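Read through the structure below, which is laid out as structure tokens, and then see the notes.
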Amino acid sequence: MDWDKLRVFHAVAEAGSFTHAGDTLNLSQSAVSRQISALEESLQVPLFHRHARGLILTEQGETLFKTVKDVFAKLAMTEVMLAESRERPSGRLKITTTVAFGSTWLAPRMRDFLDLYPDISVSLVLDDAELDLAMREADVAIRMHAPRQPDLVQRHLLSMHYMLVASPDYLKRHGLPARAEDLDSHRLVVWGDVKPPVETINWLLEAGRRPGVTRRPILEVNSVYAILQAVHAGLGIAALPDYMTEETKSLVRVLPALKSPKLDAYFVYPEELRNSKRVAVFRDFLISKIADVRH
């Protein structure tokens, strides 16, 4: 059944005439009549008895009207609920995530979020050590693994991989690796010194390594962004997350067919914030931005 025709039928059944329904719908009497006739023809049953004093629903018309009336009543209720949900979320939202993801992917998108929700004030805390959400060190987190605390709500956001990159200058001086084992003789820039934000971050130290060979990195640094800058400067090859596509445009992908570990990002927040509008709109914003990237 055509939705527009049902809308016209509902108005006619409520008004009792084509003319009054037309006034409600801002349609001519003849247009309303044509819609009803087309609906009757498609259903192959009469819906109204037509007489000089107006219209009366047939038995079939009464049956349809009960259902349509119920649907429109539920729609009206839903409209009220949606109107209530449009009340602008406001207040402070403290967000935490890793330094690399926060600085390269999230921060450039915060303008769009705050343009949509100007009554929300955001505190963005970038830290490779995890803040304790249960102790309200932050309201929400974007983490590169599933949360281990049972009292946290989680939503999987996206799956990512690493990419090996090097600068054109480095490859001109040291050559392009043709196979994973060729990395044994290249300069590698990796995470070092402190606990990494992601356990698999230094996987290129093992990928395709020949037995008995120990790969010694040319530089260890406790910042993904610093690794990126070292690669830009021509120091060596590094594995960087593929969400850093904008930052790596001037670099060359190395061994693109080499399989890398998967990174899963999760949106996480405490149970007591389940009904928070600030949290809900930020979650939906993230999901829409990730959908934009995928398409």
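In what follows, residues are counted from 1 in the order of the sequence shown. Model, not experiment: these values are computed from the prediction.
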For Thr58, check side chain to side chain contact (heavy atoms under 4.5 Å, CB included) against everything at least two apart and list the hits.
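By the side chain to side chain contact (heavy atoms under 4.5 Å, CB included) rule, Thr58 matches Pro46, His49, Gln60.
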
Which residues pass the side chain to side chain contact (heavy atoms under 4.5 Å, CB included) test with Arg50, not counting sequence neighbours?
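Here the qualifying residues are Phe18, Ile36, Ser37, Glu40, Phe48, Leu55.
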
Find the distance between [atom1] ([X]) and [atom2] ([Y]) and round it off to the nearest 0.5 Å.
X      : Y      : atom1 : atom2 : value
Ile142 : Arg283 : CD1   : CZ    : 13.0 Å
Ser103 : Met244 : OG    : CE    : 6.5 Å
Arg136 : Leu273 : CZ    : CG    : 4.5 Å
Leu126 : Leu131 : CG    : CG    : 10.5 Å

Please report, to 0.1 Å, the donor-acceptor pairs under 3.5 Å made by any side chain of residues 211-230, with sequence neighbours excluded.
residue: Arg215; atom: NE; partner: Asp184; partner atom: OD1; Å: 2.6
residue: Arg215; atom: NH1; partner: Leu204; partner atom: O; Å: 2.6
residue: Arg215; atom: NH1; partner: Ala207; partner atom: O; Å: 2.9
residue: Arg215; atom: NH2; partner: Ala180; partner atom: O; Å: 3.1
residue: Arg215; atom: NH2; partner: Asp184; partner atom: OD1; Å: 2.9
residue: Arg215; atom: NH2; partner: Ala207; partner atom: O; Å: 2.9
residue: Ser223; atom: OG; partner: Tyr225; partner atom: N; Å: 3.3
residue: Ser223; atom: OG; partner: Ala226; partner atom: N; Å: 3.0

Should the ring pair His186 and Tyr170 be called parallel, tilted or perpendicular, given that the plane angle runs from 0 to 90° and is split at 30 and 60?
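Geometry flag for Tyr170 against His186: tilted rings.
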
Minimum side-chain heavy-atom gap [X]-[Y] below 4.5 Å:
X      : Y      : answer
Arg7   : Leu25  : yes
Val71  : Leu6   : no
Asp151 : Glu271 : no
Leu106 : Ile95  : yes
Ser167 : His232 : no

Looking at [X] and [Y], what are the two nearest heavy atoms and their distance?
X      : Y      : value
Leu255 : Leu164 : CD1-CD1, 4.3 Å
Val231 : Ala238 : CG2-CB, 3.4 Å
Val281 : Pro89  : CG1-CG, 3.8 Å
Pro177 : Leu183 : CG-CD2, 4.2 Å

Sequence neighbours excluded, which residues qualify as ring-ring contact (aromatic ring centres under 6.0 Å, His included) partners of Phe267?
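For Phe267, the residues satisfying ring-ring contact (aromatic ring centres under 6.0 Å, His included) (neighbours in sequence not counted) are Tyr269, Phe282.
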
Listed by chain and number, what are the ring-ring contact (aromatic ring centres under 6.0 Å, His included) partners of Phe101, not counting sequence neighbours?
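So Phe101 forms a ring-ring contact (aromatic ring centres under 6.0 Å, His included) with Trp105, Tyr243.
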
Which pairs, with at least one residue in residues 115-134 and sequence neighbours excluded, count as a ring pair (Phe, Tyr, Trp, His ring centres under 6.0 Å)?
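Listed once each, the pairs are Phe113-Tyr117.
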
Could you give me the CA-CA distance, side-chain angles and deciding distance for Arg111 and Asp115, then say whether salt bridge (charged side-chain N to carboxylate O under 4.0 Å, His left out) is met?
CA-CA 6 Å; Arg111 175 184 171 179; Asp115 282 348; 3.6 Å; yes

Ion pair present between Asp169 and Arg173, side-chain N to carboxylate O less than 4.0 angstrom?
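Result for this pair is yes, salt bridge flagged.
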
Report yes or no: do Ser30 and Ser28 form a side-chain donor-acceptor pair below 3.5 Å?
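Yes - a donor-acceptor pair under 3.5 Å links their side chains.
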
Just by distance, with hydrogens left out, do Asp264 and Ser159 show a side-chain donor and acceptor under 3.5 Å apart?
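Checked: Asp264/Ser159 side chains pair up, N/O donor to acceptor below 3.5 Å.
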
Count the heavy atoms belonging to other residues, nucleotides or ligands that lie under 6.0 Å from CG of Asn26, then report whether that count exceeds 12.
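Result for CG/Asn26: open.
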
Please determine whether the number of non-hydrogen atoms from other residues, nucleotides or ligands lying under 6.0 Å from atom NE2 of His174 exceeds 12.
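Enclosed: over 12 neighbouring heavy atoms sit under 6.0 Å from NE2 of His174.
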
Quick check: is Leu157 connected to Met110 through a chain of hydrophobic side chains (ILVMFWY, heavy atoms under 4.5 Å apart)?
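They do share one cluster, since a chain of ILVMFWY contacts under 4.5 Å joins Met110 to Leu157.
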
